[in-house]
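The analysis underlying the following values was restricted to heavy atoms, covering all of them including side chains, and did not include hydrogens, waters or symmetry mates.
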Amino acid sequence: MQEKGQGPVQGQAQPERAQQPPQAAAASSGSLAAPPPGGPTVPGPGGPSAPPPDGPTAAVPGVPPARTEGDRLRFVGAATRRIARGIDLDEIVLGLCRATVPTFSDAILVYLRDPLPVGDERPAVPFVLRLRRTDRLRTSAEGPAGDELDAVVGDGSPAKQLCEVESGGALAEVLRGVRPVFGDAPSARVALPDLLGEDCGLPDGRRAILAPLRGRRRVIGAAVFLRGPERGAFEANDLLVAAQLATHTALGIDKAVLYGREAYIADELQRTMLPDSLPRPTGVKLASRYLPAAETARVGGDWYDAIPLPGSRVALVVGDVMGHSMTSAAIMGQFRTTAQTLAGLDLPPQEVLHHLDEQAQRLGTDRMATCLYAVYDPVSHRITIANAGHPPPILLHLGGRAEVLRVPPGAPIGVGGVDFEAVELDAPAGATLLLYTDGLVESRLRDVWTGIEQLRERLAATAQLTGPDHPPPLEALCDDVLDMLGPGDRDDDIALLAARFDGIAPSDVAYWFLEPEEQAPGRARRLARRALERWGLEELSDSVELLVSEVVTNAVRYAERPVTLRLLRTDVLRCEVGDDSPQLPRQRRARDTDEGGRGLFLVNRLARKWGATRLSSGKVVWFELGLPGGAKES
């Protein structure tokens, strides 16, 4: 007698342990691979004689129910993980198709609302379902089963591309019920032709499942699972599997739609916060680049700007707000707007940074940013720079020497209670100034000063390619600078602003002081006429004299100190009249009985462009006229 806990009696035949075929092992582990035609046999107690299971829920002779239920749970787990891996809409729908065909069904059709509602958005009623994707099992020998599936999902199928779901209709009732139903159910038998077409050739019996896709708030689509006649029909438990797949797919689609909307908002926010295009100020050429840290972090706090100032000057700004979020981008937009407003007041660079620091204090205690603000004067060929904790700019000279400018580092914006210092440096013609954020020079692989030195060497090497007498093209220079970034260097977003200083030659500038007296307009006309004769622009004499007389007359009327008159000859003729009165002129329509009030009307009619800017010491009124063809060689 065999005792308890011992093995079989010696000499008694022992049943051999059945070896599970690779295909069956793959299916039981949640693999989505299709079984071969004919399929492997599944061993039972008496040996390998039972047919393979049809999907994860088919009953298998000789296999305990717990084993079949375990296979079903493993399949659902693997399928939902595959669906959850998708980020965008197409990936999620593709994950559903690849997870179910052929393991669960021979074919699938996925319909989604068109358009898909986002969040709390109120969807259109009645809503329309669009066929988003189909997938089917391809076998080596297409028989009647293949023909019947082709009637629904094959080429030239009657399956509708668009289906309008009428309120109160059969399809609307099934979708409102949320739970999947078999294709032979009375409600589905009436609803499926609305979705697939009247001539759809569905297999007989329980070989179709219609599963509504319900997101967090509403039904967003439907999925149809199909099996051919050569395969076992769906069972009752398969409705639970279809419900799990539909629920995870719908929630994933909701997530993808919300993510897509957030990405769109982030892109729009970033786009509107940065300049659409750079200005074309006199005596300087500009180029810029912006790179996000990654596709998953497209919004950051880096920004750049170029702001034309009175006297043909231009302000160059680059800054970096702490963080990578829409909040950082919003704060960056406020700083950029504030900087533009302060630049319009023609404040010195250190004063601009001081007011930005005060603005950061008003926004909150954790609103930190670095910023570099520079003002270039093309007439004096000088640049004034103030820094607030930002990496120093690099000046690439015409001969190819790259120099890291020595500017006071300053404290970041938002620290509060600190003073900012400005330095004035030479900006020779042909030199290029590069302003950048720390994402260009700092990463996990290198510190900021190592990156700055590498950037300086890269600029010098690039300048050698064009020779000592020709500066490198700005666009190519920006691209070459970004090429220095390695795979591990994209830890932060990058803003880059390059300025080529051409300047204005002294021979193209005429400058005078006029006493605020009645004779000032006549003297201004004579001085302007002589300058135009010297430049060979006699054709413009009549227009320039008339406009100069009107603007100077208006300035003398309110000025207490000498009035300045400056003519600049570049690609246009620019005239600037400055006085110590802060009141800006305003164009108005003069009445027939008025003796004055028509000066700015003439300026507006005859000048190509005109404007007025308030300064800390008064204002400047300017206008521009186009040059006759060939009047000035480029």
Please answer whether the main-chain N or O of [Y] pairs with a side-chain N or O of [X] as donor and acceptor at a distance below 3.5 Å.
X    : Y    : answer
D357 : G416 : yes
T466 : A463 : yes
T450 : R446 : no
D447 : W449 : yes
T564 : V577 : no
W303 : V317 : no
S549 : E545 : no
E624 : W610 : no

A side-chain contact here means heavy atoms from C-beta on lying under 4.5 Å apart; do [X] and [Y] qualify?
X    : Y    : answer
L309 : V375 : yes
L537 : L627 : yes
L497 : L316 : yes
L286 : P281 : yes
L532 : V544 : yes
L547 : L606 : yes
V379 : Y511 : no
D580 : Y558 : no

Let me know which of R313, K619, R614 forms a salt bridge (charged side-chain N to carboxylate O under 4.0 Å, His left out) with D346.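 The passing option is R313.
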So does [X] have more than 12 non-hydrogen atoms from other groups sitting under 6.0 Å from [atom1]?
X    : atom1 : answer
R561 : CZ    : no
D90  : CG    : yes
K285 : NZ    : no
R605 : CZ    : no
E453 : CD    : yes

To the nearest 0.5 Å, how far apart are [atom1] in [X] and [atom2] in [Y]?
X    : Y    : atom1 : atom2 : answer
L435 : C371 : CG    : SG    : 10.0 Å
H381 : L425 : NE2   : CG    : 15.5 Å
L514 : L527 : CG    : CG    : 6.5 Å
M273 : D305 : CE    : CG    : 12.5 Å
R525 : D542 : CZ    : CG    : 12.0 Å
L440 : I452 : CG    : CD1   : 9.5 Å

My understanding is that only residues two or more places apart in sequence, or in another chain, count here; which of them pass ring pair (Phe, Tyr, Trp, His ring centres under 6.0 Å) with Y376?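 Per chain and number, Y376 pairs via ring pair (Phe, Tyr, Trp, His ring centres under 6.0 Å) with F501.
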Looking at every heavy atom in both [X] and [Y], which two are closest together, and how far apart are they?
X    : Y    : result
D302 : M332 : O-CE, 3.8 Å
S312 : I504 : CB-CD1, 4.5 Å
A498 : C478 : CB-SG, 3.9 Å
I87  : I92  : O-CD1, 4.3 Å
P378 : T282 : CG-O, 3.6 Å
L356 : I413 : O-CG2, 3.5 Å

Could you go through the side-chain contact (heavy atoms from CB on, under 4.5 Å) check for L291 and L482 one step at a time? CA-CA 9 Å; L291 290 181; L482 295 180; 3.8 Å; yes
Start with the C-alpha distance between L347 and H355, add both sets of side-chain angles, then the distance that settles side-chain contact (heavy atoms from CB on, under 4.5 Å), and finish with yes or no. CA-CA 10 Å; L347 298 178; H355 287 290; 3.7 Å; yes
Checking R566 against W512: charged group under 6.0 Å from the ring centre and within 45 degrees of the axis?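 No, R566 does not lie over the aromatic ring of W512.
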Are [X] and [Y] close enough for a salt bridge, meaning some N to O gap below 4.0 Å?
X    : Y    : value
D479 : R289 : yes
E91  : R85  : no
R530 : E533 : no

Donor-acceptor contacts, no H, no angles, side chain residues 384-410, under 3.5 Å, sequence neighbours left out:
from: N387; atom 1: OD1; to: H390; atom 2: N; distance (Å): 3.0
from: N387; atom 1: ND2; to: H390; atom 2: O; distance (Å): 2.8
from: N387; atom 1: ND2; to: P409; atom 2: O; distance (Å): 3.3
from: H390; atom 1: ND1; to: T370; atom 2: OG1; distance (Å): 2.8
from: H390; atom 1: NE2; to: Y436; atom 2: O; distance (Å): 2.6
from: H397; atom 1: NE2; to: R401; atom 2: NH2; distance (Å): 3.2
from: H397; atom 1: NE2; to: E403; atom 2: OE1; distance (Å): 2.9

Can a side-chain donor-acceptor contact be found between H354 and Q350 if the only test is distance below 3.5 angstrom?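 The criterion, which ignores hydrogens and geometry beyond distance, is not satisfied for H354 and Q350.
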Determine whether R529 and S541 satisfy the following criterion, side chain to side chain donor-acceptor pair (under 3.5 Å), listing intermediate values before the conclusion. CA-CA 6 Å; R529 186 188 313 117; S541 293; 5.9 Å; no
Yes or no on side-chain contact (heavy atoms from CB on, under 4.5 Å) for L342 and Y373, after CA distance, side-chain angles and deciding distance? CA-CA 11 Å; L342 296 172; Y373 188 95; over 6 Å; no
Sequence neighbours excluded, which residues qualify as side-chain hydrogen bond (donor to acceptor under 3.5 Å, both in side chains) partners of R608?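 Not a single residue meets the side-chain hydrogen bond (donor to acceptor under 3.5 Å, both in side chains) criterion with R608.
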side-chain contact (heavy atoms from CB on, under 4.5 Å) between C575 and V551, intermediate numbers included: CA-CA 10 Å; C575 174; V551 176; over 6 Å; no
